[in-house]
There are 2 protein chains.
Amino acid sequence: MSYSIKEVADMMGVSTSTLRYYDQEGLLPDLKRVNGIRVFEDKDFKWLRVLNCLKNTNMPIKKIKEYVELAKQGDASLEERYQLILEQKNVILEQIKEWKYYLKEIEYKEWYYETAIKAGTEEAVKDCTPETPTLAVDRIPQKEKNRKKE
Amino acid sequence: MSYSIKEVADMMGVSTSTLRYYDQEGLLPDLKRVNGIRVFEDKDFKWLRVLNCLKNTNMPIKKIKEYVELAKQGDASLEERYQLILEQKNVILEQIKEWKYYLKEIEYKEWYYETAIKAGTEEAVKDCTPETPTLAVDRIPQKEKNRKKE
DNA sequence: ATAAAAGTTAAAGTGAACTTTAAGTCAAGT
DNA sequence: ACTTGACTTAAAGTTCACTTTAACTTTTAT
């Protein structure tokens, strides 16, 4: 089976211009063309699925491109590609950890407002603190990307 | 205790210019000034912690600003603020679900490369598919933000 | 045969979240 | 008193990931 750019865009939940942009950036290797028109085939979906995963877990376009280039080199780059995947797995694990922490934070806020609404005023909870003490700013987990030397 | 912008920046893992930018955007309400110089006090850290949570869970600056404005209105906005927090809790829950899905995907890739490296060639795994079949593109979870009518 | 719909490109534009620059003020140490 | 370093502002610049535009070609439907 073969698919038009519009069909693939709809399947992936992106716009056609986004797919053309990805193609331009070298993120759609070996894409078939008929009279200059892009034709997606079943084999392409295998990669689109990986692309979707990397993209939605914050891997920059440039790094995805690097991965594509490695893949083009064949078996010689297996180890490098493996390392890149391991790195990304770690990114994902760290993210999940972080989001779980923020879930706790927001659940405290949820409790805070429930209590305040019941009481009719924020005064009732104003001096409360989350279980992990509020003032311990150094306990706020910091994203790698945020850390700065300056 | 009071803290300089640099001290706070270091504690939060951001640059001083980022904090000034947040201030400019109205994200640091009631910030004390001495001779025009920003002075952070303990009470500010309570808010900085919430700010940190909202910011790192993808809430746009503009929406955080709305939250700040609601808070300024006092008890009258309790219900609205509660709803905003509930919405954000959902954002977080959805994100965790999504990232857990991508963890499975990447773990398949991890297995894929481990197998290929052992065999010395990708040929050995080329025709394998993850447990959830590769070609079922419609099973790829799509972020709200990605969905388009076009 | 023809009109409309969908495809193409290169290039310019957008929006979010900062970051940098330039010109200046304030505070601390020698 | 003076230099150094941290602070201030407004405004311009940057980066990323698209999105839009304009001019054009190809495909599809009537």
Side-chain angles (χ1 to χ4, degrees), chain A residues 1-28 31-41 44 48 51-68 88 91 142-150, chain B residues 2-28 31-41 44 48 51-68 88 91 95 142-150:
Chain A
M1 273 300 278
S2 64
Y3 306 82
S4 73
I5 194 167
K6 183 64 169 63
E7 287 170 325
V8 175
D10 288 347
M11 282 188 264
M12 308 226 359
V14 300
S15 69
T16 55
S17 57
T18 300
L19 285 181
R20 288 196 194 96
Y21 165 69
Y22 289 164
D23 192 13
Q24 188 177 292
E25 296 301 305
L27 263 50
L28 304 177
L31 189 54
K32 188 177 162 188
R33 297 259 192 157
V34 173
N35 285 331
I37 288 172
R38 292 171 184 87
V39 176
F40 291 76
E41 296 177 298
D44 296 312
L48 285 174
L51 173 60
N52 190 64
C53 172
L54 300 179
K55 186 175 80 82
N56 287 332
T57 54
N58 298 344
M59 186 180 284
I61 299 292
K62 264 194 185 174
K63 193 157 185 190
I64 300 179
K65 171 90 189 273
E66 285 174 40
Y67 180 67
V68 168
Q88 193 63 10
V91 167
Q142 289 165 15
K143 295 193 169 186
E144 272 305 325
K145 61 170 185 183
N146 286 343
R147 282 198 203 107
K148 279 270 190 166
K149 313 102 220 168
E150 233 185 325
Chain B
S2 63
Y3 307 83
S4 72
I5 194 167
K6 184 64 168 61
E7 288 170 325
V8 175
D10 287 347
M11 282 189 264
M12 308 227 357
V14 299
S15 68
T16 55
S17 57
T18 301
L19 284 181
R20 289 198 194 97
Y21 165 68
Y22 289 163
D23 192 14
Q24 188 177 293
E25 297 300 306
L27 264 48
L28 304 177
L31 189 56
K32 189 177 162 188
R33 298 259 192 157
V34 174
N35 285 332
I37 289 172
R38 293 172 184 85
V39 177
F40 291 77
E41 296 178 299
D44 295 313
L48 284 175
L51 174 60
N52 191 64
C53 173
L54 299 180
K55 186 175 78 84
N56 287 331
T57 54
N58 298 344
M59 185 180 286
I61 299 292
K62 264 194 183 175
K63 192 159 185 188
I64 300 180
K65 171 90 190 275
E66 285 174 39
Y67 180 67
V68 169
Q88 193 62 11
V91 168
Q95 272 304 307
Q142 289 165 15
K143 293 195 169 185
E144 273 305 325
K145 63 172 183 179
N146 285 344
R147 279 196 206 110
K148 279 272 190 163
K149 313 102 220 169
E150 234 186 325

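Computed from a predicted model, the values in this text were never measured in an experiment. Chain naming here is simple, since letters A, B, ... match the order of the sequence lines and numbering starts at 1 in each.
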Review point. What integer distance in Å separates B/K63:NZ from C/dA16:C1'?
Key: 16 Å
Check your understanding: Among pairs that include at least one residue of residues 57-66 of chain B, which meet salt bridge (charged side-chain N to carboxylate O under 4.0 Å, His left out), considering only residues two or more places apart or in two chains?
Key -> B/K63-B/E87
**Study point:** Heavy-atom side-chain contact between A/M1 and A/E41 under 4.5 Å
**Key:** no
Check your understanding: Please give, in whole Å, the distance from D/dC7 P to B/K6 NZ?
Key -> 8 Å
Revision key, fill the gap. OH of A/Y22 to NZ of A/K55, rounded to nearest 0.5 Å, is 3.5 Å
Check your understanding: Once you round it to whole Å, what is the distance between C1' of D/dA17 and CG of A/L51?
Key -> 13 Å
Exercise for review: Verify the contact: side-chain N or O of A/S4 to OP1 or OP2 of C/dG7, cut-off strictly under 4.0 Å; return yes or no.
Suggested key: yes
Revision key, fill the gap. For B/I37, the side-chain contact (heavy atoms from CB on, under 4.5 Å) test, sequence neighbours excluded, returns none
Check your understanding: Which of residues 18-25 of chain B have a heavy atom under 4.0 Å from DNA chain D?
Key -> B/R20
Practice item. Any chance you could measure A/I64, atom CD1, to A/L54, atom CG, to the nearest 0.5 Å? Key: 5.0 Å
Study note, to complete from the structure: Within residues 31-41 of chain A, those residues having any heavy atom closer than 4.0 Å to DNA chain D are A/N35, A/I37
Exercise for review: Let me have DNA chain C in dot-bracket notation, would you? Count Watson-Crick plus G-U wobble pairs, both distances under 3.5 Å, and use [ ] for pairs crossing earlier ones and | for inter-strand partners.
Suggested key: ||||||||||||||||||||||||||||||
**Study point:** B/N58 CG to C/dA17 C1', straight-line distance once rounded to whole Å
**Key:** 12 Å
Check your understanding: Does B/S15 put a side-chain nitrogen or oxygen below 4.0 Å from OP1 or OP2 of C/dT19?
Key -> yes
Review point. A/Q88 side chain to A/T57 main-chain N or O, any donor-acceptor pair under 3.5 Å?
Key: yes
Check your understanding: Among A/D23, A/V8, A/D44, which one satisfies side chain to side chain contact (heavy atoms under 4.5 Å, CB included) with A/L28?
Key -> A/D23
Practice item. Evaluate side chain to side chain contact (heavy atoms under 4.5 Å, CB included) for B/L48 paired with B/L51, printing each intermediate quantity in order. Key: CA-CA 5 Å; B/L48 284 175; B/L51 174 60; 4.0 Å; yes
Review point. What is the distance from NZ of B/K62 to P of C/dG15, rounded to the nearest Å?
Key: 9 Å
Practice item. Could you please name the option among C/dT19, C/dT8, D/dC7 that lies closest to any side-chain atom of A/I5? Key: C/dT8
Exercise for review: Specify the separation, in whole Å, of atom NZ of B/K65 and atom P of C/dC18.
Suggested key: 16 Å
Point to revise | Considering all heavy atoms, the nearest B/I61-B/Y21 contact | key: CG1-OH, 4.2 Å
Check your understanding: How far apart are the C-alpha atoms of A/R33 and A/R38, what are their side-chain angles, what is the distance that settles it, and do they pass the side chain to side chain contact (heavy atoms under 4.5 Å, CB included) test?
Key -> CA-CA 5 Å; A/R33 297 259 192 157; A/R38 292 171 184 87; 3.4 Å; yes
Check your understanding: Between B/Y3 (OH) and D/dA6 (P), how many Å, whole number?
Key -> 20 Å
Review point. Which residues satisfy the salt bridge (charged side-chain N to carboxylate O under 4.0 Å, His left out) test with B/E7, sequence neighbours excluded?
Key: none
